[in-house]
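Scroll down for the structure; my scribbles are underneath it.
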Amino acid sequence: MSRTPHSTITLPFRPAAGAPWRARWFHIIFGHDDAPGRLFDVVLIVAILSSILATVLDSVSDLHDRASQLFYVLEWVFTIAFTAEYLMRIAVVNKPRAYMRSFFGIVDLLAVLPTYLSLLLVGSQYLLVVRALRILRIFRILKMTRYVDESNLLWSTLVRSRHKILIFVSTILTLVLIFGALMYLIEGPGNGFSSIPKSMYWAIVTMTTVGFGDITPHTMLGQMLTSVIMLVGYSIIAVPTGIFAAELAAGMREARRRIRCASCRLDDHEADAHFCRRCGTALEHGAD
């Protein structure tokens, strides 16, 4: 943790030792509580949004035909600027590898790679939309980091329910294989079901109740089986939602139980509670 008179920055690394300019630029680049840090973050987000907008507009054929050279120049201007920023971040921290392996370090690197890859692979520059991930820094600027805990709860819920979801997905894939094979036998290539994989595609589209209509059954037996698949699809839609909701509720109850009053030993407090709901004693979050 590094402290300045203006801000407190909690990071897995500190300003690099040596020249004073490194400490100064560290707090401008990674800080957000003083004016220079906020200005840097605002300029960065404006640049990110502008680069994404340029990439999106460049994909429109009419605009590309009229201003392809301008989009190309803008692409390289933003890329060079982001590259300089990335190198600057590496230069001002005491643990460059820690930054490079961090989430934002990886995202910052991915934000500049597509342009350089476009020199070898035509069209890869459109992958620059990955820069949208850098907008996540707005959580830090707007002091919304408390929502990270909520996202962690959702992620841990997905991790805990992964086995049940895996079983559910395996069951769905088995049904898709069976229904696809049946429709291939019933309808056949003459009605568009030219192979089992294509019939499986139709089964997935039908079971999810999307129904593109590019392949449709023509026989009475095929239409009856389609009706069964649709009913099965409606029946199983709620299953993953129920699994996730149950695990989420369990995770919230577990989080509430971890907040226990040191005075009366009462637990089951809200995650953002500061005082015991029974005796009014100040709560120590994480106490048992």
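Quick caveat, the model's predicted, so the values are computed rather than measured. Side chains included, hydrogens not; waters and symmetry mates left out as well; all remaining heavy atoms used.
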Smallest heavy-atom separation, A203 atom then F179 atom, equals CB-CB, 4.2 Å
Rounding to 0.5 Å, atoms OG1 (T226) and CG (L231) come to a distance of 11.0 Å
Worksheet entry | Side chain S51, main chain I48, donor-acceptor under 3.5 Å | yes
- Item | I236 vs F168 side-chain heavy atoms within contact, under 4.5 Å | yes
> Is a donor on one side and an acceptor on the other found under 3.5 Å between the side chain of T208 and the backbone of V205?
Replying inline: yes
Nearest heavy-atom approach of L177 to M200 is CD1-SD, 3.8 Å
With clusters defined by side-chain heavy atoms of hydrophobic residues (ILVMFWY) lying less than 4.5 Å apart, directly or transitively, does L49 cluster with V43?
no
*Should the heavy atoms of other residues, nucleotides or ligands under 6.0 Å from OH of Y72 be counted, would the total exceed 12?*
no
* Asked: Donor-acceptor pair, S195 side chain versus K198 backbone, under 3.5 Å?
  -> yes
| message | Could you check whether any side-chain N or O of E187 sits under 3.5 Å from a backbone N or O of H218, counting only pairs where one atom can act as donor and the other as acceptor? | response | yes
The single option from I28, T83, V93, I29 that satisfies side-chain contact (heavy atoms from CB on, under 4.5 Å) with M88 is I29
Checklist entry - Heavy-atom distance under 4.5 Å between the side chains of C264 and C276, does that happen here? => result yes
Check: Does R89 use its side chain to pair, donor to acceptor, with the backbone of Y86 at less than 3.5 Å?
Finding: no
Between M100 and I106 the two heavy atoms that sit nearest each other are O-CG1, 3.6 Å
Group every Ile, Leu, Val, Met, Phe, Trp and Tyr by side-chain heavy-atom contacts under 4.5 Å, then state whether M230 and L182 land in the same group.
no
Distance col, row L113:CG vs F82:CZ, nearest 0.5 angstrom, shows 13.5 Å
Heavy-atom nearest pair, V92 first then F30, reads CG2-CE1, 3.9 Å
Value for CD1 (I167) from CD1 (I172), rounded to nearest 0.5 Å, stands at 12.5 Å
Flag yes if V228 and F193 sit in one hydrophobic cluster, no otherwise; membership is Ile, Leu, Val, Met, Phe, Trp, Tyr, and two members link when side-chain heavy atoms are under 4.5 Å apart.
-> yes
Closest non-hydrogen atoms of P217 and M183, given as atom of the first, atom of the second and distance, are CB-CE, 3.8 Å
Between the CG atom in L57 and the CG atom in L63, the distance rounded to the nearest 0.5 Å is 6.0 Å
Quick one: are Y201 and I215 in side-chain contact, heavy atoms under 4.5 Å? yes
Between F275 and A282, the two heavy atoms sitting closest are CD2-CA, 3.7 Å
d(T216 OG1, N191 CG) to nearest 0.5 Å is 8.0 Å
The reported gap from OG in S170 to CG in L175 (rounded to nearest 0.5 angstrom) is 11.0 Å
* Asked: Quick one: are the ring centres of Y116 and W76 less than 6.0 Å apart?
  -> yes
Single-linkage hydrophobic cluster L173~W202, side-chain heavy atoms < 4.5 angstrom:
yes
request  = Verify the cluster assignment for L221 and L225: are they in a single hydrophobic cluster under the rule of side-chain heavy atoms below 4.5 Å apart?
outcome  = yes
